[in-house]
Amino acid sequence: MIRLPFHSASRVPLRVRSRWLRSTFASDSSSPKGLVTPRHGSAAAWRIQSSARGTDLLGVYADLSKGKLTAFVVLTSMAGYAVAPGAAHVAPLLWTAVGTALCAGSANALNQWIEVPYDAQMSRTRNRPLARHAVAPGHALGFAAGAGALGVGALWACVNPVAAGLGAANIVLYAGAYTALKRLSIANTWAGALVGAIPPVLGWAAATGGDLGAGAWVMGGVLFAWQFPHFNSLAHTLRADYSKAGYRMMSVSRPRLNARVALRYALLMFPLSAALPLLGICDAWLLLDSSAVNGYMAYCAYAFWRRPDAKHSRRLFFSSLVHLPVLLILIMAHKHIQERRKKT
């Protein structure tokens, strides 16, 4: 078994940030327009030739907040809202979406602000706004703080305190625990999965006035378990980049465990899906539909476990992209069918 060695960055203390901020970036044809590349030793590493304005600045903010990831977080929060018992109301639903988006954007921007020296070393992340010097660190930090304050405040004032607490927990766990653990222990994957489990619980809390029943935790469990086949397959593909930046990932230091954990949590999707009809949230037909969806991802996870190579990791990753939205749609559909039957 070949193990990729950790880059020396994994042993570099926190002062690497200050050194990186003063460092010189070599000028090349791919340098973004407007970036001034200082000469060696210059202190103007963050000087921008012309400030981003209008749509350009909006694009920078979208990149800082990882727009696609934030949209995904909002959708999973809305799924929790839709599955929760009780009638849906437009105003709380919209405020939940806005508050969740702001909290997720804040957490993502803080993550980039903290990890900028390491993002610059990875091909997947070196074009992020801070790594390519499209925005100053202070500006990015101000955006993250403002988005977080507005998001938690909106959830508190317009939804309920439980939802606001979950929104704040999302920021703290992602930007704090998960980001720090990435350089310390493979336990970072479990911390990241816990962050991913929060949005549907937040949506449930928003719909029920803060009452977190067993269904809320099952919905959170579905998102928690799904993170492992999804992320572990992606991490296998990116293991060289992670090693270069000094991140302690299972895919780098313990590749067999990485594949085994992906399979383990893919199989956990079966009892989690079965728990929803048992709790009376959906009708029993969900058992049949969800088994087909969960079965295909479990098959891909089994193949990845048997042979953890690029082909099988890609297959598992793409199956996970299809799996979650289909499963959430099935859960919401079967909840709706059950409610209609109760009314007739």
Side-chain angles (χ1 to χ4, degrees), residues 1-7 63 66-73 75-76 108 111-112 115 118-119 121-128 131 174 178 182 186-193 195-197 222-270 272-273 289-330:
M1 183 184 302
I2 298 175
R3 293 191 179 184
L4 296 174
F6 281 108
H7 189 266
D63 289 341
K66 302 180 186 176
K68 292 181 181 179
L69 178 57
T70 294
F72 170 80
V73 171
L75 289 175
T76 57
N108 290 326
N111 169 264
Q112 291 186 56
E115 294 188 337
Y118 316 114
D119 282 348
Q121 300 178 54
M122 299 172 60
S123 58
R124 185 175 70 95
T125 57
R126 63 190 177 194
N127 285 322
R128 286 177 175 174
Y174 187 78
Y178 171 66
K182 283 169 71 176
I186 62 172
N188 70 76
T189 306
W190 281 268
V195 174
V222 168
L223 266 294
F224 180 84
W226 175 83
Q227 303 284 327
F228 293 92
H230 174 72
F231 178 76
N232 287 21
S233 57
L234 175 64
H236 178 85
T237 304
L238 300 174
R239 63 194 186 282
D241 252 5
Y242 284 134
S243 177
K244 184 192 303 181
Y247 290 130
R248 298 189 177 276
M249 298 295 181
M250 277 187 285
S251 60
V252 177
S253 60
R254 302 182 66 182
R256 292 303 303 173
L257 177 64
N258 183 69
R260 188 163 66 249
V261 168
L263 174 60
R264 184 185 305 160
Y265 284 95
L267 294 173
L268 185 58
M269 299 299 294
F270 288 95
L272 285 169
S273 299
D289 294 347
S290 64
S291 293
V293 178
N294 293 336
Y296 181 69
M297 188 172 75
Y299 165 76
C300 294
Y302 173 76
F304 177 55
W305 173 70
R306 287 291 303 272
R307 182 176 289 183
D309 55 20
K311 174 184 175 182
H312 292 95
S313 67
R314 283 196 299 268
R315 181 184 296 175
L316 175 57
F317 176 72
F318 287 113
S319 74
S320 71
L321 291 178
V322 176
H323 170 273
L324 186 64
V326 172
L327 180 62
L328 292 178
I329 289 171
L330 288 174

**Report entry** Separation of R254 CZ from R260 CZ (nearest 0.5 Å)
**Finding:** 7.0 Å
Report summary line: What one should report as the nearest heavy-atom pair of A303 and H312 is CB-CD2, 3.6 Å
Report task. Check whether any side-chain N or O of N111 sits under 3.5 Å from a backbone N or O of Y174 as a donor-acceptor pair, and report yes or no. Result -> no
Query raised in the report: Just by distance, do the side chain of R239 and the backbone of H236 share a donor-acceptor pair under 3.5 Å?
Result: yes
Report summary line: OG of S251 to CZ of R256, rounded to nearest 0.5 Å, is 13.5 Å
Query raised in the report: M249 versus N188: any side-chain heavy-atom pair under 4.5 Å?
Result: yes
Report task. Quick one: pull up CZ in F318 and OG in S233 and give me the separation to the nearest 0.5 Å. Result -> 9.5 Å
**Report entry** Set of side chain to side chain contact (heavy atoms under 4.5 Å, CB included) partners for L272, sequence neighbours left out
**Finding:** V222, A225, L268
Report summary line: What one should report as the nearest heavy-atom pair of S320 and H230 is OG-ND1, 2.9 Å
Query raised in the report: Has the side chain of T70 got a donor or acceptor atom that lies under 3.5 Å from a matching backbone atom of G67?
Result: no
Query raised in the report: Does L234 reach the side chain of L238, with side-chain heavy atoms less than 4.5 Å apart?
Result: yes
Report summary line: Taken to the nearest 0.5 Å, the spacing of Y178 OH from T189 OG1 works out to 6.5 Å
Requested in this report: Please report the shortest heavy-atom distance between G196 and L223, naming the atom on each side.
Outcome: O-CB, 3.5 Å
Query raised in the report: Sequence neighbours excluded, which residues qualify as side chain to side chain contact (heavy atoms under 4.5 Å, CB included) partners of L75?
Result: none
Report task. Measure the spacing between CD of E115 and NZ of K182 and express it to the nearest 0.5 Å. Result -> 3.5 Å
Query raised in the report: Measuring from F72:CZ to K66:NZ, what's the distance to the nearest 0.5 Å?
Result: 13.5 Å
Report task. Go through V322 and V293 one step at a time and tell me if the side-chain contact (heavy atoms from CB on, under 4.5 Å) criterion holds. Result -> CA-CA 9 Å; V322 176; V293 178; over 6 Å; no
Report summary line: In terms of heavy-atom contacts, A262 and A301 come closest through O-CB, 4.1 Å
Report task. Given side-chain contact (heavy atoms from CB on, under 4.5 Å), test R124 with Y242 step by step and report yes or no. Result -> CA-CA 10 Å; R124 185 175 70 95; Y242 284 134; 3.5 Å; yes
Query raised in the report: With a 4.5 Å heavy-atom cut-off, do Y118 and K244 have their side chains touching?
Result: no
Report task. Would you indicate whether the side-chain heavy atoms of R315 and Y299 approach each other to under 4.5 Å? Result -> yes
Query raised in the report: With D63, which residues qualify under side chain to side chain contact (heavy atoms under 4.5 Å, CB included), at least two apart?
Result: P129, R132
Query raised in the report: Can you name the closest pair of heavy atoms from A298 and L267 and give their distance?
Result: CB-CD2, 4.1 Å
Report task. Please tell me if the side chains of L327 and M269 come closer than 4.5 Å, counting only heavy atoms from C-beta onward. Result -> yes
Query - Which atom of T237 lies closest to which atom of S313, heavy atoms considered - result: OG1-OG, 3.4 Å
Requested in this report: Could you tell me whether the side chain of N232 and the main chain of N258 form a donor-acceptor pair under 3.5 Å?
Outcome: yes
Query raised in the report: Which residue, W305, F228, F231, forms the ring pair (Phe, Tyr, Trp, His ring centres under 6.0 Å) with Y265?
Result: F228
